[in-house]
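Below, all heavy atoms of this structure are taken into account, side chains as well, without hydrogens, waters or symmetry copies.
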Amino acid sequence: MLKLQRDYQGVRHLFMKLTDTFAVVDLESTGTSFETGDRIIQFSCVFVKNNKIINTFNTLINPEMKIPRETQNLTGITNKDVRNAPYFEDVAGTIYSLLQDTNFVAHNIQFDYRFLNSELERVGYPMLDLACIDTVQLAQVLFPTLSSYRLAELGSLLGIENKRPHRADSDAETTARIFIKLRNRLSSLPFPLLASLRPLASHLLYDTGTLFINAYRNRKHRHQVLSNSFVEVGGILLRRPERQVTTIQPQVYPRKVAQKRKLFGERLHLRNEQARMMDSIDRFWHSSQQKQQLVQAPTGMGKTYGFLLPTLYAVSQGQKFVISTATMALQEQLLKTSLPVLTELTRIPVRALSLKGNSNYIDLARFAQSLKFPQNDNTCVLQMKILVWLSMTETGDFAELHLTTLQDNLFTTIEHHGLAALEQTSPFYEYDFVRRQALALKSADIVVTNHAYLLQHATELADFGANLIIDEGQDLVTTMTRVNRQVVDFDQVKILADTALVKMESHQSYSFENLVKIGVLSAKQYTTYLRQVQVVDHAVPSLRHRLLSHFVGGGKLTEYTEKLLPAPDLNDFIKSHSALVGQINRALPHLKAFGQWLENKRQQAQASGQIGREGNELLRSVCSLLDEINQELAPWSRLCRGALQAAPTKSQTWLTLAAHPTAHLRLTTGYLSGQDYLQQQVYQQFQRVLFMGADLVLPEIDDYMYRQLDLDRDALVETYQGPFDYQKQTITMVATDAPLVTEVPREEYIAYLADAIEQICQTPVQTLVLFNALDDIKEVYERLSERGFTQRRTVLAQGINGGAEKLRKRFILGKDNANVLLGTGTFWEGIDLPHDQLQLLIVARLPFQSPDTELNQIRREDAQHNGLDPFSEVLLPEAILRLKQGWGRLIRTPHDQGAFVILDNRIYKKSYGHTMRASFPNEVQFKRYPTSQIGNMVAKFLAEDN
């Protein structure tokens, strides 16, 4: 039983000796849970010896139960196929005998080994006691930059075809061939890398780490000559930086369409509108008068190549460019896909550089330090991946690791803190990635970044002397309001300060008293810094009380409160409470210095053995608390300085507090629009600014967009037609009997949505249903489940079946089964689903933001203060843009075909509906049907040969 428990945990720290034969196993089963009675339906094994396949074994198995429809669809194994197959007890002896004296290998060892052992135990055989190797984890370490480690992706990388995916015999053979390639890859790693991986190998699943131990031993006594491609620094193997010197010869832009077509050849398809757009942008780059130009290029027109081509020719003539995209994913796509294609076709060898925030890059010195201390298994495996990655990367950008989250505490330890935090005496200083980036900027031709970085570093890029291209310009303001918003949570500061004081003043267990006794710090240092924490602990609650009393007034709150604080009023408050404000502002630099000094002391004391685990944890936790206090109060300090200096600003400041005894009082400062900000802070740092997007200035809301983007009124606007025939490619319908969401009980509204989705989704095509809130998705999904719809169709619900990225992948991969995806947020924009990846798009509700959110209440108050109508000037334009973005998910190529359905009759019943409909292209014809008829119309339209 102890052996079973140990193996079920999936970690074995005492390696078993590997035999010469590896049994690569794959199972197919009725389901994934042997605890609830699932059974094996196919067992396959491929035997590998001396890195060659020597034998195979395969059998179908009668599970003595019906195979679920989903499993039949996935594997192709039907009830008929296994009807006359042997039962597991009939083949258990053969399987048990075949696997003796082998090493058990599987792709996801936790499933196959445990499931097989459970079945063997069920029919009376002892459980296997074999050395086990997991090819998933082996691949994760050896190929750390892959985005997926499924058999299909690994096979594609290694040139191995899986002829029948999800059949155990084909999967086992594919896994065996992958395993052979992985062992070859492992044996070819440079010896210094093997040496740094060896101490961490025991943390891999089961006996996977034995392969690393053996590879190290086999190479240990051989003469090793390190390739010039690598350099070993501080025990870490790095890719040696390449110093490229390129000379760009001026080239003439191909103005004629025939020249462009010849240039693109068979590689790219040139569209007429795209060619016109290229010419317009080329003229703009050489204009001495025009400083801003807006290009409205619809989806499918090839706007990225459209602005890149004239840009590359301008580079060859000495101009420099900064290109900013909406997200880091788009930034990577532009830098690693679009730009290389055009540089190859034009033969213009541009020096391109990617710029992101410091925390996106690894700090080599901090990572080297992390290797010196004990870590948990997951962190050690992550360290192995990073060690291999560092021998490959030229950028040190964490994005190359394709991790969906960076939640492991290791990342907070090893992320870069900027050039100012570097030690020039460190052996890693010369090879530091952020430092390399700063040096590369001086000679770059094109800098590719994202809106968040641009907004925070525009003044730093001014010296670059470049033109600016803002791709997806409609997202710039959304990003601006997010990155410029700073929040002070007064109650959170009090909690942090209380916690720090408890840890510093406690005499139970290991305490600061012990640290003073062993000389880590002196008694005077302890009392001095303790006093500064006490100042914050007492002054911040007092400040909280006075802010609330001054701006909100006395009495008990009865509802959620937002209060806009005009700059003169806030300035008067700060002056009248200067003594209290001064106490806090004077204490913060001391706390910051103390935290940095204490962290250095902790590292020194740990390295010398002066403190053990308890002392280390105490110091680490106090340093973390001090850092959090400084981060929480940093916006307050900056706000005080700005107010006292009476600096002109268009930023707004407001207080928020819920009517709840434990609610936190928060003070927020930020920009509500780009007006009077973007021009001065961003655009003026560049020679010319080109805006690219699908809906930059819609005629129906042009005043709103000019204000939001802070545009010159004389900015040139170029609008181009897309390559789509909307009359033939789409049908757009509005449900005439949809209830007005603002006038019916919520339960009735949710019931209607569930009923409508079930009726409309009668045609089995890929369907996306867009919502405004996760709560709506949850309730509609529950209704659909109660109706049995989730049994008949695969329904993926955001917040229930996973996050946005996970669901996007599942949606695309499962398109053969015609999934229904219920999504919100990012599914309204930035997701590309061409061809049959999406054929039916349903909008559950017009995408108005809730007027009751904190930000929208402040924006409403600000609009009213400026004599504007909050609905028509803010909420309606944003809803129109979002609806257009959602609609844009449906038709992505000239060959796509799809139905668009709106289950919100306000688009006809309300006066603003006309403005919404008018924002769509003229070819889009809105048709009105009862909900019960829309499903038939969808089926009819999609069945037509358009």
Close side-chain approach of L226 and P192, heavy atoms under 4.5 Å
yes
ring-ring contact (aromatic ring centres under 6.0 Å, His included) partners of residues 590-628, not counting sequence neighbours, each pair once
Y529-F594
With side chain to side chain donor-acceptor pair (under 3.5 Å) as the test, would you mind laying out the steps for Q680 and Q685 before giving the verdict?
CA-CA 8 Å; Q680 181 179 357; Q685 317 304 322; over 6 Å; no
If you apply the rule side chain to side chain donor-acceptor pair (under 3.5 Å), what do you find for D377 with H203, and how did you get there?
CA-CA 5 Å; D377 291 331; H203 297 273; 2.5 Å; yes
Any idea which heavy atoms bring M504 and V533 closest together, and the distance?
SD-CG2, 4.2 Å
V520 vs F512 side-chain heavy atoms within contact, under 4.5 Å
no
Indicate the atoms forming the closest heavy-atom contact of I236 with A368, along with that distance.
CD1-CB, 3.8 Å
Please determine whether a side-chain nitrogen of the Lys or Arg among R436 and D432 lies less than 4.0 Å from a carboxylate oxygen of the Asp or Glu.
no
Would you check if the side chain of R239 reaches a backbone N or O of S391 as a donor-acceptor pair within less than 3.5 Å?
yes
Validation row, ring centre F411 to ring centre F398 under 6.0 Å:
yes
Just by distance, do the side chain of Q319 and the backbone of W285 share a donor-acceptor pair under 3.5 Å?
yes
Might you work through the side-chain contact (heavy atoms from CB on, under 4.5 Å) test for Q610 and I518, ending with a clear yes or no?
CA-CA 8 Å; Q610 188 179 9; I518 62 176; 4.2 Å; yes
Judged by modelled atom types alone, do T379 and N376 share a side-chain donor-acceptor pair under 3.5 Å?
yes
Closest non-hydrogen atoms of N450 and S324, given as atom of the first, atom of the second and distance, are C-OG, 3.2 Å
Would a 4.5 Å heavy-atom cut-off, applied to side chains only, mark T668 and T653 as touching?
no
Can you confirm if the aromatic rings of Y361 and F433 lie within a centre distance of less than 6.0 Å?
no
Any donor-acceptor pair under 3.5 Å linking the side chain of R351 with the backbone of S443?
yes
Heavy-atom closest contact (L334 atom, P340 atom, distance):
O-CD, 4.1 Å
State, without any angle test, whether Q631 and D627 hold a side-chain donor-acceptor pair at a distance under 3.5 Å.
yes
Looking only at heavy atoms, which two atoms of A326 and D475 are closest? And how far apart?
CB-OD2, 3.6 Å
Distance from T481 atom OG1 to Y677 atom OH, nearest 0.5 Å?
11.0 Å
Going by distance alone, is a donor N or O of one side chain under 3.5 Å from an acceptor N or O of the other, for E400 and W389?
yes
Nearest heavy-atom neighbours spanning C623 and G595:
SG-O, 3.8 Å
Of the options L339, D445, I248, which is the one that meets L312 in a side-chain contact (heavy atoms from CB on, under 4.5 Å)?
L339
Is there a side-chain contact (heavy atoms from CB on, under 4.5 Å) between V483 and Y453 once you walk through the steps?
CA-CA 9 Å; V483 301; Y453 186 93; over 6 Å; no
Is a side-chain N or O of T393 found less than 3.5 angstrom from the main chain of L390, in a donor-acceptor match?
no
Test item: side-chain donor near acceptor, S370 and Q383, under 3.5 Å
yes
Please tell me if the side chains of L387 and L371 come closer than 4.5 Å, counting only heavy atoms from C-beta onward.
yes
Partner of K356 under side-chain hydrogen bond (donor to acceptor under 3.5 Å, both in side chains), chosen from T449, D397, T395
D397
Distance check, rounded to the nearest 0.5 Å: T669 atom OG1 versus Q486 atom CD?
6.5 Å
Within a strict 4.5 Å, meaning less than it, do heavy atoms of the L667 and V487 side chains meet?
no
More than 12 heavy atoms of other residues, nucleotides or ligands under 6.0 Å from NZ of K385: is that the case?
yes
Mind running side-chain contact (heavy atoms from CB on, under 4.5 Å) on D491 and R544 for me, showing each step along the way?
CA-CA 8 Å; D491 295 274; R544 177 198 191 279; 2.9 Å; yes
If I take atom CD from residue Q679 and atom CD from residue Q292, how far apart are they, to the nearest 0.5 angstrom?
5.0 Å
Would you confirm whether the ring centroid of F691 sits within less than 6.0 angstrom of the ring centroid of Y683?
yes
Is it the case that the side chain of S621 and the backbone of E617 share a donor-acceptor pair, with hydrogens and angles ignored and the cut-off at 3.5 Å?
yes
Taken to the nearest 0.5 Å, the spacing of L618 CG from L515 CG works out to 5.5 Å
Determine whether E472 and L330 make a side-chain contact, defined as any pair of heavy atoms from C-beta on separated by less than 4.5 Å.
yes
Between the CD atom in Q437 and the NE2 atom in H416, the distance rounded to the nearest 0.5 Å is 9.0 Å
Determine whether L468 and L461 make a side-chain contact, defined as any pair of heavy atoms from C-beta on separated by less than 4.5 Å.
no
Counting only N and O atoms by type, is there a donor-acceptor contact under 3.5 Å from the side chain of H451 to the main-chain atoms of D471?
yes
Any chance CZ of R240 has more than 12 other-residue heavy atoms, nucleotides or ligands included, within less than 6.0 Å?
yes
Side chain to side chain, K320 and N467, heavy atoms closer than 4.5 Å:
no
Strictly by modelled atom types, are S354 and Q331 linked by a side-chain donor-acceptor pair under 3.5 Å?
yes
Residue pair T528 / Q525, side-chain donor-acceptor N/O under 3.5 Å:
no
Working for side-chain contact (heavy atoms from CB on, under 4.5 Å), residues L355 and H457
CA-CA 10 Å; L355 286 183; H457 301 273; over 6 Å; no
For the CD1 atom of I469 and the CD1 atom of I323, what is their distance to the nearest 0.5 Å?
4.5 Å
H402 side-chain N/O to L146 backbone N/O, donor-acceptor pair under 3.5 Å
no
